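Order of the sequence lines fixes the chain letters, A, B, ..., with proteins taken first and strands second; residue numbering starts at 1 for each chain. Side-chain atoms are counted along with the backbone in the values below, which use heavy atoms only and exclude waters and symmetry mates. Keep in mind that this is a model prediction, so the values were computed, not measured.
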Amino acid sequence: MKELELIMSEMPKTYEFKGTEERLYKWWEESGWFKPEVRPADAKPYVISIPPPNVTGQLHSGHALFATLEDLMIRRARMQGRAALWVPGTDHAGIATQLQVEKMLRDEGTSREEVGREEFLRRTWEWKEKYGGRITTQLRRLGASCDWDRERFTLDEGLSEAVAEAFIRLYRMGLIYQGEYLVNWSPGLQTAVSDLEVEYTPENGFLYYFKYPLKGGGHIEVATTRPETILGDTAVAVHPDDERYTEMIGKTALVPMLNREIPIIADTYVDMSFGSGALKITPGHDPNDFEIGQRHGLEIINIMNKDATMNAEAGPYAGLDRFECRKKLWADMEEAGLTVGKKDHELSVPRSQRGGEVVEPLVSRQWFVDAKPMADMGLAAVRNGRVKIVPERFNKVWENWLTNIRPWCISRQLWWGHRIPVWYVNGDYDQPIVARNEADAYAQARKLHGEGVTLEQDPDVLDTWFSSGLWPFSTLGWPEETADLQRYFPTDVLETGHDILFFWVARMVMSSLMFTNDIPFHTVYLHGLVRDEKGRKMSKTLGNVTDPLEVMDEFGTDALRFTLVTGSTPGNDMNLSLTKVESNRNFANKIWNMARFIVSNMDKVSKDEKPDVPTYTAADQWILHRLQQLIKNADRLCDNYLYGEAGRQINDFMWNDFADWYVELAKVQLNEGGARAWTTMSVLFRVLDSCLRLLHPYVPYVTEETWGQVKGALLAADLGIEPAEGWSEALIIADWPQVEQSWLSATASRAADDFEQLREMVRSIRAARADANVEPGKRIKALIAAGDKLSFYEEQAGILASLARLDEAELEIAADLEAPEKVVTLALGAVSCYLPLAGMVDLSQERARLEKELAEIEQERERLAKLLAGPFAERAPAAVVQKERDKFANLEAQAEQVKERLATL
RNA sequence: GGGCGCGUAGCUCAGCUGGUUAGAGCGCACGGUUCACAUCCGUGAGGUCGGGGGUUCGAGUCCCUCCGCGCCCACCA
């Protein structure tokens, strides 16, 4: 018993998350509980691949959300006995990382170009070693139970091999090709970017109207939003049906200021009603014009350098920046009398998702993936249900994107990334050698060209998403047939933000089907964006960014986690509010204090009093009944990925049923001593134990800590009480609670219903007391006409007295009894409670109150009478009808009570 | 142009397969320190679930339509 006291004395009044979190995480990790091997070799695996955060990243609320949700899934699966494996890792994030290192070099007064590629890569690796661990450390703080021994990085040797393998396979299948096409060019970053990396923003600009002089006199009016591209025009197009221009077709126009001759052509693409109805064609700088150019065999003129300054093709404008050129050219044309005017026009400006600079469509030699065949496989996988998307509505988005998939530009003119596994022999760029490595490339080259060849590797690297697309299987060892790959692939759930459905999810599904001939995961769970409490996007400029690290410092990890999960529904954005985090911090403390209560009462119980067959009070049955309902519901909700709702229900049960009611009446039952106390303690423990298990995936720290304390105390007290599932070393590896059907039986349900009525009575008495301004501490007299519930109320007298502050000595309970005149009457179904609030009951007031109550009851009674007399009774399911009938009967009885009482007044 | 989401109490949001008296947290009002917790307890006020129509015995929940807000995709020179 000394030991028990010690445990209690070591439990502070408020839950202290500070040292606890770190201590528990360390314990879990060192004990190997994050590893799937903690379960037997024949356990069914449950696998999640982490969406790899950027190595350079700092934890933000988006990470916090995904980490919480995935950890929740993993922890629950682990408790359900699955071999749970959460594969962690980071992404090299080509552009983002390169930019960071470039900035560092700039600060040192040098640059990428100056130090050279080799040195630059060395510096970047150095940077990665230094900061790469930051994000994973931060994930640990969130409680993420990843198997860190299996951590991967997209530029790891193994993953790089996977990338080369994937490239080679696609190349051999003819799905990867190189070509000169119009791509989105980022002049600042000096690289191509994919369509997905371009964002269009509406901006104010102008529509410039000008004259295209014709050879031999006259002109045709044309409109453009980007005058500088005039210099690259290779045609003017009109609609073939446009009568205004019929005669012009076939004539020759002269490019303003350059006087280059270009044809006037006809193409149905032209919208007759827009602008002047004539369209200038710049195949080198506009995607639509590029296509029109292809159709008509037009020349492609590139007028820009890679840094978006004008090149020699721009004649006198060479060397100017694109925007300066726009101004200068227009001014010159004005002077030459070639302009008509400009109108305000809203533009849709393509900007780089990274730097925000204006992206320029530019023709360049790039590598592409023809994604069509893979896209078809991806479409089929979702259509036939092999891959399920939660929420389902994203199927439509999936369908739409994959059916309209376009070639994916995978080459990037960066240095940080997977170098394209292609070599050129003796400077011949038209016959690339595709190989796993340089040695291989040499061997191939020698075979083809004999000795003495010089090789040059393609300078480009691959789009970051090319390697992330292989993530679920490359992290498990693919292309090697490793044991991990065999056991843990395909994975189970892929949880991520809906904003990277195309970038990442679609590409994983496509490459997995292509390379492993299997789906990468059976379920895609998409969460929304985390916004600020007013629903605005978090941004540094707005200054409304909530730093999860600070939140954890102030309120604890559990509070943040619970807020994120209970505040979100699949696919929808969520607003993160600190007041919620605060109230969830309070919840953690509440849990802690339930445990303190239980531990501090253990000395009232003795093992010797343990009954052979415990008898349960109505309250015991009520709470156990409710607990089973909770477990059942929570399970169903979690199985359907409705974690938020499940969490809210557990919270609600623990606070409003267990703490506010059962714990209160357990105080009475414990004081009765003997077997009653023992049974009560066992129920208290049982409910808490189950709740902690249910809650552990949500709030792992406070539940583990609490569970450990209670376990220690219970073992020290030696009461012969233990969990139905037995003790385990830690909650993290304990069993998920099972529903005990016996508590859902008809008998148990009836007992629970009786108790619900008692609860109602307590509430009514409290309200009546407040109404009459009775001193809070004052014990008052009460009379109860219990009818056929007599024995139940007699049994509950102590509890009733305690909860409603009644004077137990003066509590009169009978089947039927004469009410004194001056009382407040409370009708609860067929049961009445009379409160003789001495000197406080005004008869006329009481009459008025009762009349009002009767009116309300009658109104409801009539509503139900009507309902039950109508078609409802025949058409609605029997159970639903019965429920209403019971309600009606109850109201009838209640009305009777009130009427009777009114009659005597 | 196509697609999607949201609109529920003063604020921020739940409401799962339609079940008949719509919930929570915060805020507000009133009242409470005896030994789990003031990061607490009790009582209470507050909503015609954006408007209209429909399906149904029954609609916050399903369908149509309109209004307002937001997002995604896509060719607007």
Polar side-chain contact A/R585-B/U39 base: donor and acceptor under 3.5 Å: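 Donor-acceptor pair under 3.5 Å: yes.
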Side-chain-base donor-acceptor pair under 3.5 Å for A/K396 and B/C4: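 There is none.
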Can you tell me the pairing partner of [N] across any strand shown, Watson-Crick or G-U wobble, with both distances under 3.5 angstrom?
{"N": "B/U39", "value": "none"}
{"N": "B/G25", "value": "B/C11"}
{"N": "B/C4", "value": "B/G70"}

According to a strict under-4.0 Å criterion, is [X] in side-chain N/O contact with OP1 or OP2 of [N]?
{"X": "A/H345", "N": "B/C76", "result": "no"}
{"X": "A/K13", "N": "B/C37", "result": "yes"}
{"X": "A/K590", "N": "B/C41", "result": "yes"}
{"X": "A/W398", "N": "B/C72", "result": "no"}

Nearest-nucleotide pick for A/N288, side chain only, options being B/U43, B/C73, B/C76: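 Nearest to the side chain of A/N288 among the choices is B/C76.
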Nucleotide nearest A/R596 (side chain, heavy atoms from C-beta), chosen from B/A77, B/C41, B/C37: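 Selected nucleotide (nearest to the side chain): B/C37.
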Suppose you measure atom [atom1] in [N] against the same atom in [M]; what distance do you get, rounded to whole Å?
{"N": "B/A36", "M": "B/U21", "atom1": "P", "value": "40 Å"}
{"N": "B/G58", "M": "B/G2", "atom1": "C1'", "value": "37 Å"}
{"N": "B/A74", "M": "B/G27", "atom1": "C1'", "value": "45 Å"}
{"N": "B/G23", "M": "B/A9", "atom1": "C1'", "value": "10 Å"}
{"N": "B/G42", "M": "B/A24", "atom1": "P", "value": "13 Å"}
{"N": "B/A45", "M": "B/G50", "atom1": "C1'", "value": "24 Å"}
{"N": "B/C4", "M": "B/G51", "atom1": "P", "value": "23 Å"}
{"N": "B/C40", "M": "B/U56", "atom1": "P", "value": "50 Å"}

A/T229/A/K280 under side chain to side chain donor-acceptor pair (under 3.5 Å): CA gap, chis, key distance, verdict: CA-CA 9 Å; A/T229 62; A/K280 60 188 268 321; 2.7 Å; yes
What is the separation between atom [atom1] on [X] and atom [atom2] on [N], rounded to the nearest whole Å?
{"X": "A/N584", "N": "B/A14", "atom1": "CG", "atom2": "P", "value": "15 Å"}
{"X": "A/D499", "N": "B/C73", "atom1": "CG", "atom2": "P", "value": "10 Å"}
{"X": "A/R393", "N": "B/C6", "atom1": "CZ", "atom2": "P", "value": "6 Å"}
{"X": "A/I281", "N": "B/C76", "atom1": "CD1", "atom2": "P", "value": "13 Å"}
{"X": "A/I591", "N": "B/C37", "atom1": "CD1", "atom2": "P", "value": "17 Å"}
{"X": "A/M272", "N": "B/A77", "atom1": "CE", "atom2": "P", "value": "18 Å"}
{"X": "A/Y15", "N": "B/A36", "atom1": "OH", "atom2": "C1'", "value": "16 Å"}
{"X": "A/L642", "N": "B/U17", "atom1": "CG", "atom2": "C1'", "value": "11 Å"}

Any donor and acceptor pair, going by atom type alone, linking the side chain of [X] with main-chain N or O of [Y] inside 3.5 Å?
{"X": "A/N601", "Y": "A/F597", "answer": "yes"}
{"X": "A/Y698", "Y": "A/G647", "answer": "yes"}
{"X": "A/D344", "Y": "A/F206", "answer": "no"}

With A/Y662, the side chain to side chain contact (heavy atoms under 4.5 Å, CB included) member among A/V687, A/T680, A/L688: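 Of all the options given, the one that passes is A/T680.
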Describe the nucleic acid contact of [X] in one word from base, sugar-phosphate, nothing, applying a heavy-atom distance below 4.0 Å.
{"X": "A/V270", "value": "base"}
{"X": "A/N640", "value": "nothing"}
{"X": "A/K667", "value": "base"}
{"X": "A/A767", "value": "sugar-phosphate"}
{"X": "A/R763", "value": "sugar-phosphate"}
{"X": "A/A278", "value": "base"}
{"X": "A/F502", "value": "sugar-phosphate"}
{"X": "A/T569", "value": "sugar-phosphate"}
{"X": "A/P877", "value": "base"}

Geometric class of the A/H498/A/F394 ring pair [parallel <30°, tilted 30-60°, perpendicular >60°]: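 The arrangement is parallel - the two ring planes meet at less than 30°.
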Earlier contact from the 5' end, RNA chain B, for A/T566 and A/N633: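 So the residue in question is A/T566.
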Any donor-acceptor N or O pair under 3.5 Å, side chains A/K887, A/N890: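 No, because no side-chain N or O of A/K887 sits under 3.5 Å from a partner of the opposite role on A/N890.
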Flag for A/Y212-A/D233: side-chain donor and acceptor within less than 3.5 Å: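 Result is yes, a qualifying pair exists.
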Verdict with supporting geometry, A/R351 and A/E197, salt bridge (charged side-chain N to carboxylate O under 4.0 Å, His left out): CA-CA 9 Å; A/R351 286 182 179 276; A/E197 290 164 288; over 6 Å; no
Proximity to RNA chain B (any heavy atom under 4.0 Å), residues of residues 658-665 of chain A only: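 Those residues are A/A659, A/D660, A/V663, A/E664.
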Heavy-atom closest pair, residues A/Q649 and A/L637: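 Taking A/Q649 first and A/L637 second, the nearest heavy atoms are NE2-CD1, 3.8 Å.
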Using residues 862-873 of chain A as the side-chain source, report each donor-acceptor pair under 3.5 Å to any protein atom, sequence neighbours left out, with the distance given to one decimal.
residue	atom	partner	partner atom	Å
A/R863	NE	A/E860	OE1	3.1
A/R863	NE	A/E860	OE2	3.4
A/R863	NH2	A/E860	OE2	2.7

Centroid separation A/F562 to A/F587 less than 6.0 Å: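 Here the rings of A/F587 and A/F562 have centres that are less than 6.0 Å from each other.
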Where protein sits on nucleotides 21-35 of chain B, one letter per nucleotide: B base, S sugar-phosphate only, - none, heavy atoms under 4.0 Å: B---S-----S--B-
Cation-aromatic face contact A/R507/A/W398, 6.0 Å, 45 degrees: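 The answer is no, since A/R507 fails at least one limit relative to A/W398.
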